[in-house]
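Lettering of chains follows the sequences in order, A, B, ..., and the numbering in each one begins at 1.
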There are 2 protein chains.
Amino acid sequence: MRSDAERNRTQILDAARALLVDDGELSLSKVARAAGVGQGTLYRHFADREALIGAVYTAEIDDLALLAHQMASGDDAVAGLRSWLARLADYAIVKRGVMTAVSTSTWTDVSAGTRGRLGVAVTELLDAGQDAGAFREDVDARDVILMTWFLTQVTRDEWDQRVPRLLDVLVDGLRPGS
Amino acid sequence: MRSDAERNRTQILDAARALLVDDGELSLSKVARAAGVGQGTLYRHFADREALIGAVYTAEIDDLALLAHQMASGDDAVAGLRSWLARLADYAIVKRGVMTAVSTSTWTDVSAGTRGRLGVAVTELLDAGQDAGAFREDVDARDVILMTWFLTQVTRDEWDQRVPRLLDVLVDGLRPGS
DNA sequence: ACCTGAACACCGTTCAAGT
DNA sequence: ACCTGAACACCGTTCAAGT
């Protein structure tokens, strides 16, 4: 990688991160402009918007994967999943767009059923709970992530009042039988 | 309402409906073009995209509100909500964009807590269940709708395999105590 | 009253030409 | 090998001018 390419890449990522934080939207033109880079350069580094968002949130994805992995070896899978979801929610409120990255890193190719880094870690966490009889046997990692998609619709002012309750509803729903 | 205005309105709605069904997206320019109408005319009839989507799905919203009302007077609130959610899901897979209309018709103004037609009906259904001790006391209509947002992320090929299970997870999660 | 369509300020994406 | 920026085909929104 040439040094100018390296520099451009990080400038693009910084610009994208900044725009995501305070705009919530991600105009690729704006990113290129803010990064001081030609339009084509952006496309050379990132195939599409999803790839860019994914790259912006690598650190967060790694955090979440590590945490899921740790929770999988704890003795209370339900509490583990609940904590993990709380962390996910923390990211979701601050880092807008992170759900896209989380989603693709869980199930990279839906039709093929291909799991990404995060998918493997969440599966681990879920499996641990299922072995202990704490979760229904028929749910998978993508189910869990799908059910967290409501986070993208919750507004800031109702967040504290709603999100903890809804995460409880979700975790309760994942429990077996009844 | 002048007769040409009336005709334009229905042509816009027809065009929008058609585009939503087979594109899934709703370009306002395309709508105007397909309706054979000037750009300004579209804006005269519908303030913004949300208003247009809402108008397209009035019939569906009415159906859902009526059904919720009927279910509210049934004797099994849990089964009632489950059926209602199944109907919602049916709309969500065919009529893309309907979740937007459902959402705004449930909670028209989040910060003010203003409920729309559908909000009233779903509240009724929820209240009936809460009185019977079938649902947690602390959830409201917006909670339920928020939790159904995952429907917008499910692809067609995984739909049958995933959605029924996820609706069960949701309904289970809404039950009290545990 | 209502409609039209040009005008404005934006997009995403591509690709020849440059270094 | 990588970058630039013009070019293309689109957007959403507004508003003078028309009927």
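In this structure, the side chain of B/S105 does not engage the main chain of B/V102 through any donor-acceptor pair within 3.5 Å. No donor-acceptor distance shorter than 3.5 angstrom exists from the side chain of A/E25 to the backbone of A/L20, with no hydrogens or angles considered.
For the pair B/F46 CZ and D/dG12 P, the computed distance is 15 Å after rounding to whole Å. Distance A/E25 CD to C/dG12 C1': 15 Å, rounded to the nearest Å. The interatomic distance linking A/L28 (CG) with D/dC10 (P) rounds to 18 Å, in whole Å. Rounded to whole Å, atom C1' of D/dC2 lies 8 Å from atom NE2 of A/H45. B/E50 places its CD atom 15 Å from the P atom of D/dG12, with the value rounded to the nearest Å. For the pair A/D4 CG and D/dC3 C1', the computed distance is 8 Å after rounding to whole Å. In this structure, CG of B/L42 is placed 11 Å from P of C/dT4, rounded to the nearest angstrom.
One distance of note links CZ of A/F150 with CG of B/L170; it measures 10.5 Å at 0.5 Å rounding.
Listed in residue order, the members of residues 29-40 of chain A having a heavy atom less than 4.0 Å from DNA chain C are A/S29, A/K30, A/R33, A/Q39, A/G40.
Of all nucleotides listed (C/dT4, C/dC2, D/dC2), D/dC2 comes nearest to the side chain of A/R44. Checking C/dC2, D/dG12, D/dA1 against the side-chain heavy atoms of B/S27 singles out D/dG12 as nearest. If you check C/dA1, D/dT13, D/dA1 against the side chain of B/Y43, the one that comes closest is D/dT13.
Two residues, A/T41 and A/L26, neighbour DNA chain C, and the one matched to the more 5' nucleotide by heavy-atom proximity is A/L26.
The side-chain contact (heavy atoms from CB on, under 4.5 Å) with B/L167 is formed by just one residue from the set B/L85, B/L81, B/L88, B/D172; it is B/L85.
Annotation: side chain of A/R162 is in contact with side chain of B/D140 (closest heavy-atom distance under 4.5 Å).
Heavy atoms only, all atoms of each residue included: A/S27 and A/L19 are closest at O-CD1, 4.4 Å.
The number of heavy atoms from other shown groups lying within 6.0 Å of CG (B/D48) is above 12.
In this structure, D/dT14 forms a base pair with C/dA6, meeting either the Watson-Crick or the G-U wobble geometry with both donor-acceptor distances under 3.5 Å.
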